[in-house]
Amino acid sequence: MKIEKISRRKFMVGCSSAIAAMMGSKLTMTAFAAPDDASGQDILLVVFLRGGADGLNLVPPVAGDDRGFYEQERQDMAVPVSGSNAALPLEQVGSGVLPSNVQLGLHPAAAPLHDLYQAGKLAVIHAAGLDLDNRSHFDMMDFMERGTPGDKTTVTGWLTRHLQTSPNLPGQIIVPALGIGNAPPASLLGSREAITLESFGVFDLNTGPWRWRDANRSAMREFYQADNSWLHAAGTQTLDAVDIIEGQDTDNYQPANGAQYPDGSFGRQLKTIAQTIKMQVGLRVATIDLGGWDTHEYQGSDGGGYFSSNLVQPLAEGLAAFYADLDGSGDQNFTNRLTVVVMSEFGRKLVMNDSHGSDHGHGNAMLVLGGEVNGGVYGDWPGLAPGQLYQGRDLAITTDYRRVLSEILIRRMENPILGA
């Protein structure tokens, strides 16, 4: 367990005054192939959709009895099955286990992800989530990210514990974990290894005239190399990370394969993660948020509107660009080491509310993307008939979200220590 390190971000924050004075972050799904020979080199990106994403419109039923129940309760908010804005059918492409009589589709604004699904690189797990009777955004996000449902006293996040217990990671990694945003997520709570940043532009020591800046940087490095305590080691690692990132021409980065990230913070942040992966500084886990999914009002009619253009489209375009950017050859083929999991704290009610939106629900869809993912639709679909709904109003949960994460940890990250 690598618990003697301190987060470079926390170190930088904790010593900010000193720096300022000197200078001015179901286990049986088998949805993944086993790791290749690059043991311990896999990269996990967790995308959290904050606000409770509407999985029933992201991955709606497109045929059968459930389609009828869906249209009856969703009225004009339902994603259509015909016309120019029709749902994109999810025909079975891999080893998925969803019953053949259940037909699902993908929201039309998620067309870039549909292409990856057809290529066998995207898995959809429906009716997934955390099976607690709790509709609080903050409680459910906290429970899921700490990995201890019902207990918010746990002092570490599940990703932190993965890094602490993983049996195959090198003892020293410059940037093992990256949290994109203004604050670390609860999944990295208690981490002494994670860097948290909004962009590369704020992760530097470029303050003041260059002679003064470089002289003081040298003095700082001499100070931190004078001993081998955790504080000195953290200071040296911080300076190493800053030196590497500052040495990259991040402002003029050109994505590979013609990848075009969408405008907005989500696209820019995904590009930052891709750049960090290509720097090959040891990144193993990263987190990113896409907020705004609390769609109580005017979600959009016939598959359009706010849900389509402001949420699904940037999600799909961003992830497709991210995958294309990393899909190189030789030592630049990062997608074979990449797993992306998309999750949210809960889904939305089946019935449309009076404000043409959807209220807090229960079961939801999870997405898993990667070069070694066995694409397809997975899970045990519970149905949308009145007697099949959770509390008579929501999609039930048949796959605990931790089963999906557990399979990623075991089969891709090579960490079987699930008890921790």
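One is the number of the first residue; the rest follow in order along the sequence. We use all heavy atoms of the structure for the numbers below, so side chains are in, but hydrogens, waters and symmetry mates are not.
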TODO: Answer yes or no: is there a donor N or O on one side and an acceptor on the other, between the side chain of Lys121 and the main chain of Gly371, under 3.5 Å?
DONE: yes
- [ ] Look at the side chain of Gln388 and the backbone N and O of Leu384, then say whether any donor-acceptor pair between them is shorter than 3.5 Å.
- [x] yes
Open item on the list: Tell me if the centroids of the rings in His137 and Phe346 come within less than 6.0 Å of each other.
Closed with: yes
Open item on the list: Going by side chain to side chain contact (heavy atoms under 4.5 Å, CB included), Arg412 matches just one of Ile43, Asp42, Val368, Val373. Which one?
Closed with: Asp42
Open item on the list: Can you tell me how far apart CG (Leu88) and CG (Leu104) are? Round to the nearest 0.5 Å.
Closed with: 12.5 Å
Task: Whether Gln92 side chain and Val377 backbone form a donor-acceptor pair below 3.5 Å - done: yes
TODO: Answer yes when Arg67 and Glu71 have at least one side-chain N-carboxylate O distance shorter than 4.0 Å, and no when they do not.
DONE: yes
TODO: Work out which heavy atom in Ala316 is nearest to a heavy atom in Pro112; give both atom names and the distance.
DONE: O-CB, 3.7 Å
- [ ] Please say whether more than 12 non-hydrogen atoms of neighbouring residues, nucleotides or ligands are located less than 6.0 Å from CD in Gln75.
- [x] yes
TODO: Using distance alone, with no hydrogens and no angle criterion, decide if Asp65 and Tyr70 have a side-chain donor and acceptor under 3.5 Å apart.
DONE: no
- [ ] Flag yes if more than 12 heavy atoms outside Asp76 fall under 6.0 Å of its CG atom; otherwise flag no.
- [x] yes
Using atom types as modelled, flag every donor-acceptor pair under 3.5 Å from a side chain in residues 143-151 to any protein atom, sequence neighbours excluded.
{"from": "Glu145", "atom 1": "OE1", "to": "Arg50", "atom 2": "NH1", "distance (Å)": "3.0"}
{"from": "Glu145", "atom 1": "OE1", "to": "Arg50", "atom 2": "NH2", "distance (Å)": "3.4"}
{"from": "Glu145", "atom 1": "OE2", "to": "Arg50", "atom 2": "NH2", "distance (Å)": "2.9"}
{"from": "Arg146", "atom 1": "NE", "to": "Asp142", "atom 2": "OD1", "distance (Å)": "2.8"}
{"from": "Arg146", "atom 1": "NE", "to": "Asp142", "atom 2": "OD2", "distance (Å)": "3.3"}
{"from": "Arg146", "atom 1": "NH1", "to": "Lys152", "atom 2": "O", "distance (Å)": "3.0"}
{"from": "Arg146", "atom 1": "NH1", "to": "Thr154", "atom 2": "O", "distance (Å)": "2.3"}
{"from": "Thr148", "atom 1": "OG1", "to": "Asp151", "atom 2": "O", "distance (Å)": "2.9"}
{"from": "Thr148", "atom 1": "OG1", "to": "Thr154", "atom 2": "OG1", "distance (Å)": "2.7"}
{"from": "Asp151", "atom 1": "OD1", "to": "Thr153", "atom 2": "N", "distance (Å)": "2.8"}
{"from": "Asp151", "atom 1": "OD1", "to": "Thr153", "atom 2": "OG1", "distance (Å)": "2.5"}
{"from": "Asp151", "atom 1": "OD2", "to": "Thr153", "atom 2": "OG1", "distance (Å)": "3.4"}

TODO: Return yes if some donor-acceptor pair links the side-chain N/O of Asn364 with the main-chain N/O of Ala128 below 3.5 Å, else return no.
DONE: no
- [ ] Please confirm whether the backbone N or O of Asp133 pairs with a side-chain atom of Arg135, one donor and one acceptor, at under 3.5 Å?
- [x] no
Task: Euclidean distance, Ile408 CD1 relative to His162 NE2, rounded to 0.5 Å - done: 10.5 Å
- [ ] Assess whether atom CD of Gln118 is packed by more than 12 heavy atoms of other residues, nucleotides or ligands within 6.0 Å.
- [x] yes
Task: Separation of Glu317 CD from Leu113 CG (nearest 0.5 Å) - done: 10.0 Å
Open item on the list: If we count only N and O atoms by modelled type, under 3.5 Å, do the side chains of Asn134 and Asp139 hold a donor and an acceptor together?
Closed with: yes
TODO: Provide the closest heavy-atom pair for Ile273 versus Thr287 in the form atom of the first, atom of the second, distance.
DONE: CD1-O, 4.4 Å
Open item on the list: Please give me the minimum heavy-atom distance between Leu315 and Leu49, naming the atom from each residue.
Closed with: CD1-CD2, 4.0 Å
Open item on the list: Between Ser191 (side chain only) and Glu193 (backbone N and O only), is there a donor and an acceptor less than 3.5 Å apart?
Closed with: yes
TODO: Could you tell me whether the side chain of Thr335 and the main chain of Gly370 form a donor-acceptor pair under 3.5 Å?
DONE: no
Open item on the list: Looking at Gly157, is its backbone amide N or carbonyl O close enough to the side chain of Ser187 to form a donor-acceptor pair, meaning the two atoms are under 3.5 Å apart?
Closed with: no
- [ ] Evaluate the side-chain proximity of Leu418 to Ile410: yes if any heavy-atom separation is below 4.5 Å, no if none is.
- [x] yes
TODO: Check Pro314 against Ser309 and note the closest heavy-atom contact, atom names and distance.
DONE: CD-O, 3.3 Å
TODO: List the atom of Gly328, the atom of Asn333, and the distance in Å for their closest heavy-atom pair.
DONE: O-CB, 3.2 Å
Open item on the list: What I'd like to find out is whether the side chain of Asn57 reaches to under 4.5 Å of the side chain of Gln299, using heavy atoms alone.
Closed with: yes
Task: Side-chain touch Leu350/Leu389, heavy atoms, less than 4.5 angstrom - done: yes
- [ ] Using atom types as modelled and distance alone, determine if a side-chain donor or acceptor of Asn415 lies under 3.5 Å from a backbone N or O of Ile417.
- [x] yes
Open item on the list: Can you give me the closest heavy-atom contact between Gly303 and Pro108, atom names plus distance?
Closed with: O-CG, 4.5 Å
TODO: Would you tell me whether Asn353 and His296 have side-chain atoms, one donor and one acceptor, within less than 3.5 Å of each other?
DONE: no
TODO: Report yes if the side chains of Arg393 and His362 come closer than 4.5 Å at any heavy-atom pair, otherwise no.
DONE: no
Task: Salt-bridge present (Arg74, Asp54; N to O < 4.0 Å) - done: yes
Open item on the list: With a 4.5 Å cut-off on side-chain heavy atoms, are Val312 and Leu58 touching?
Closed with: yes
Task: Thr339 vs Met413 side-chain heavy atoms within contact, under 4.5 Å - done: no
- [ ] Report yes or no: does Trp381 contribute a side-chain atom to a donor-acceptor pair with the main-chain N or O of Tyr378 at less than 3.5 Å?
- [x] no
Open item on the list: Using side-chain heavy atoms (C-beta onward) and a distance below 4.5 Å, is His126 in contact with Leu395?
Closed with: yes
Task: Distance, nearest 0.5 Å, that separates CG of Leu319 from CG of Leu122 - done: 9.0 Å
Task: Greater than 12 external heavy atoms within 6.0 Å of Gln254's CD - done: no
Task: Polar contact flag, side-chain donor to acceptor under 3.5 angstrom, Gln269-Glu198 - done: yes
Task: Tyr390 side chain reached by Asp131 side chain, heavy atoms, under 4.5 Å - done: yes
Task: Between Tyr261 and Asp325: side-chain donor-acceptor atoms closer than 3.5 Å - done: yes
